[in-house]
Amino acid sequence: MDRDEAAAALRAAESHREAVRAVSRWPVTILLALGGVLFATEFTTVFVSGPWTFVPASWAALCAVWVGWYANRQSVKPRGYVRRYSFSLGAGMMLHVAFVLAVTLAGWHGDPVVALVGAAVVAAPFLIGAYVESRAA
Amino acid sequence: MSHPRHDLDEVIHSPVRMSIVAVLAAADQVEFQFVRDAVEVTDPTLSKQVTTLEKAGYVEVVKGYLGKRPRTWLKLTPEGRAAFTRHLAALKAIADGAGMA
């Protein structure tokens, strides 16, 4: 094998790597969708009570079903995405519980500023996760 | 000083197998059909090359289902990933002109 053949083989390998990386970005879509839906869910939750809480909860449930369906039809599983995704999901769920408890215990129900800040905080792990995923090699 | 061509991996050195391993190295698992289309080979050719890589311990075949449809995933083993890294290093050394003096 001479230098040109070796260089050509390296270029071909890099080209394949780029092709796979191009279709490995789907977790970004999932995390952005979850971030957006959870923002809307948390924001709305502050203004509703009783059975009406099922309305925003159903958005999150529908989004979770879509995430499962969308992830299952992908043909490339990126390296380490489960660990990164789990971190975002875990952090988001913990913040959700903390936010709901804070709103309930502190009596912030119906406060638009609390709704906006709380929704942004709960959605943040997903949006940060989407950014990290978009930068992942 | 030995020539870097001695470090080339005989199993990965074949162009088709090199392409397959390059595709798999960029992800955790890749579906059989995606690899077939990316490498531009037929199903039997890919199966044959994957069997060779599997026998060398470089690739793992994972079977699954999407509903009732069977799906086959290909995954590079840690040994395969290490072998590919060494192979790329040898190629780079050759391309850079190492061992030419």
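Chain letters run A, B, ... following the sequence lines, proteins first and then strands; every chain starts at 1.
- Residues A/Leu95 and A/Leu105 do not share a hydrophobic cluster, defined by chaining ILVMFWY side chains whose heavy atoms lie under 4.5 Å apart.
- In this structure, chain B has heavy atoms under 4.5 Å from both the backbone and the side chain of A/Ala13.
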B/Glu31 vs A/Val76, side chain to side chain contact (heavy atoms under 4.5 Å, CB included): CA-CA, chis, key distance, verdict: CA-CA 6 Å; B/Glu31 199 172 6; A/Val76 173; over 6 Å; no
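- Cluster annotation: A/Leu32 and A/Tyr85 are assigned to distinct hydrophobic clusters (Ile/Leu/Val/Met/Phe/Trp/Tyr, side-chain heavy-atom contacts under 4.5 Å, transitive).
- For the atom pair CG of A/Asp4 and CD1 of B/Ile94, the computed distance is 12.0 Å after rounding to the nearest 0.5 Å.
- Looking at every heavy atom in both residues, B/Ala95 comes nearest to A/Ala7 through CB-N, 4.0 Å.
- Within the 4.5 angstrom heavy-atom criterion, no atom of A/Val82 approaches chain B.
- Residue A/Leu127 is not grouped with residue A/Leu116 when hydrophobic side chains (ILVMFWY) are merged at heavy-atom distances under 4.5 angstrom, including chains of intermediate members.
- With a threshold of 4.5 angstrom between heavy atoms, B/Leu8 approaches chain A through side-chain atoms but not through N, CA, C or O.
- The local environment of CE in A/Met93 is crowded, with over 12 non-hydrogen atoms from other residues, nucleotides or ligands closer than 6.0 Å.
- The hydrophobic clustering, which links ILVMFWY residues whose side-chain heavy atoms are closer than 4.5 Å, places A/Tyr81 and A/Leu89 together.
- Of the two parts of B/His87, neither the backbone nor the side chain holds a non-hydrogen atom closer than 4.5 Å to a non-hydrogen atom of chain A.
- What you find for B/Arg81 and A/Arg79 is that their closest heavy atoms are NH1-NH1, 3.3 Å.
- In this structure, CG on B/Leu24 lies 13.0 Å from CZ on A/Arg17, to the nearest 0.5 angstrom.
- Interatomic distance, B/Arg71 CZ to A/Arg73 CZ, rounded to the nearest 0.5 Å: 9.5 Å.
- The neighbour count for A/Phe87 CZ, taken as heavy atoms of other residues, nucleotides or ligands under 6.0 Å away, does not exceed 12.
- For the set A/Glu14, A/Glu5, A/His16, the count of heavy-atom pairs under 4.5 angstrom toward chain B peaks at A/His16.
- By the neighbour-count criterion of 12 heavy atoms within 6.0 Å, atom CD of B/Glu40 is sparsely surrounded, having that number or fewer from other residues, nucleotides or ligands.
- Put simply, A/Trp52 and A/Leu62 are part of two different groups of oily side chains (I, L, V, M, F, W, Y) that touch within less than 4.5 Å, one to the next.
- Taking 4.5 Å as the limit, every side-chain heavy atom of A/Lys77 sits out of range of all side-chain heavy atoms of B/Val30.
- Nearest approach of B/Leu91 to A/Ala6, heavy atoms of both residues: O-CB, 3.4 Å.
- Annotation for A/Trp108: atom CH2 does not count as buried by contact number, only 12 or fewer foreign heavy atoms lying within 6.0 Å.
- If you measure heavy-atom distances from A/Gln74 to chain B, the contacts under 4.5 Å come from the backbone alone.
- Surrounding OH of A/Tyr131 are at most 12 heavy atoms belonging to other residues, nucleotides or ligands under 6.0 Å away.
- In plain terms, the two heavy atoms of A/Ser75 and B/Phe34 that are nearest each other are OG-CD1, 3.6 Å.
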